[in-house]
Asks: 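Quick one: the structure is below, and I'll ask about it shortly.
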Amino acid sequence: MTKNLNILVVGGAGYIGSHTTLSLKVAGYNVVVYDNFLTGHHDACFGDHLVEGELINKRLLIKTIEKFEIDCVIQFAALIEAGQSVIEPIPFYQNNVAGTISLLEAMHATKVKRLVFSSTAAVYGNSNSNELLHEDKPKSPINPYGESKAIVETMLESCVNAYGMQAIALRYFNAAGADAKGRSGERHEPETHLIPLVIETARGVRPHINIYGTDYDTPDGTCIRDYVHVSDLASGHVQAVKRLFEIDHPYFDPINLGSGYGYSVKEIIESVKKISKQEFKICKGKRRHGDPAVLVADASKAKKMLGWHAQFSNIDQIVRDAWNFATK
Ligand SMILES: NC(=O)c1ccc[n+]([C@@H]2O[C@H](COP(=O)([O-])OP(=O)(O)OC[C@H]3O[C@@H](n4cnc5c(N)ncnc54)[C@H](O)[C@@H]3O)[C@@H](O)[C@H]2O)c1
């Protein structure tokens, strides 16, 4: 039934989009990747077709949707570096909000109603307790990046009500790891995510790794985060697409994609040391402003609504796949 559906993957040349394309292909979908290669890579395009274009180019989006008879869209394309969004917010609102408006206009014009949107745990903002983050927690982002995603979620709710769309906003926690067969992996420039930074340190590309804060109220004093394997995220998108085709009424649902389990910065470093068999220099620094002690997903809604749970998200597997990709 779902075999011949055509999926437009906007931002499909990027880290999570490329892994999702691989999973969509295994599940039997036809995939059209649409990307401007701002941060994406040509060798990470695994779709049946590639269209090089800007998110803001509504005419090209309409042409693409019509040409390939698109049934459903997945929207990954965004600027993603939260720290940079504080320094220079306008490009984040332009790309992430205005760009997504252009995509929604193109979908509306072509009567495509199903959308999976890349949202983020950053919509929750700071957590004052160590409780698992549930989707009911009010959105309270603390930087323009998180705000841009929260705005799009609000827009989606309005569009669902007005145009009878079906949309799911997947709120990812910390995406990590790489395709187990080495076909894709994390290549952000500049890299700000912990695991690739520790791996670069183990490879001697960086002189040391900084730990920002060792006095948190956690068992080893360092921050705890929920790391979810990128191939788990990919399968979460396949499940979300399937879910959207089970529904005909207006539908909007924000759903966490996390493992529901947290690892500390020190545990990540220990895992990289073990997998890489390398020793390296660790510098203990002060806490960073706005870094809560613990951010871990309540992953129960994804299980209930999508039949999804993280399968590959234990830390040694994540680090092993990321290490193999970085050193291949
Ligand atoms: N990486 C994470 O840990 C993480 C966590 C939470 C949410 N997210 C979200 O997931 C999505 C994908 O993240 P990623 O890590 O794969 O990032 P990425 O930078 O690797 O991928 C983004 C892709 O979108 C493309 N793109 C960006 N702006 C575009 C535009 N205007 N027009 C066309 N293409 C454009 C880029 O070229 C790239 O291929 C983003 O929306 C991000 O906010 C990522």
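Note that ligands are numbered from 1 as they come in the structure, with each ligand's atoms numbered from 1 the same way.
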Asks: I'd like to know if Arg243 pairs up with Asp253 as an ion pair, taking the criterion as any Lys NZ or Arg NE/NH1/NH2 lying under 4.0 Å from an Asp or Glu carboxylate oxygen.
Replies: no
Asks: For Glu200, is there an ion pair with Arg203 - N to carboxylate O distance below 4.0 angstrom?
Replies: no
Asks: Among pairs that include at least one residue of residues 103-125, which meet ring pair (Phe, Tyr, Trp, His ring centres under 6.0 Å), considering only residues two or more places apart or in two chains?
Replies: His108-Tyr163
Asks: Which protein residues have a heavy atom under 4.0 Å from ligand 1?
Replies: Gly11, Ala13, Gly14, Tyr15, Ile16, Asp35, Asn36, Phe37, Leu38, Thr39, Gly40, Gly53, Glu54, Leu55, Phe76, Ala77, Ala78, Ile80, Asn95, Ser118, Ser119, Thr120, Tyr145, Lys149, Tyr172, Phe173, Ala175, His188, His193
Asks: Do Ser184 and Asp179 have a side chain donor and acceptor closer than 3.5 Å?
Replies: no
Asks: Which atom pairs, donor and acceptor, lie under 3.5 Å between side-chain atoms of residues 74-91 and protein residues at least two apart or in another chain?
Replies:
from: Gln75; atom 1: OE1; to: Ala77; atom 2: N; distance (Å): 2.9
from: Gln75; atom 1: NE2; to: Ala77; atom 2: O; distance (Å): 3.1
from: Gln75; atom 1: NE2; to: Thr100; atom 2: OG1; distance (Å): 3.1
from: Glu81; atom 1: OE1; to: Gly83; atom 2: N; distance (Å): 3.3
from: Gln84; atom 1: NE2; to: Glu88; atom 2: OE1; distance (Å): 3.2
from: Ser85; atom 1: OG; to: Ala82; atom 2: O; distance (Å): 2.6
from: Ser85; atom 1: OG; to: Tyr145; atom 2: N; distance (Å): 3.0

Asks: Could you pull out every donor-acceptor pair under 3.5 Å between side chains of residues 59-68 and any protein atom, sequence neighbours left out?
Replies:
from: Thr64; atom 1: OG1; to: Leu60; atom 2: O; distance (Å): 2.7

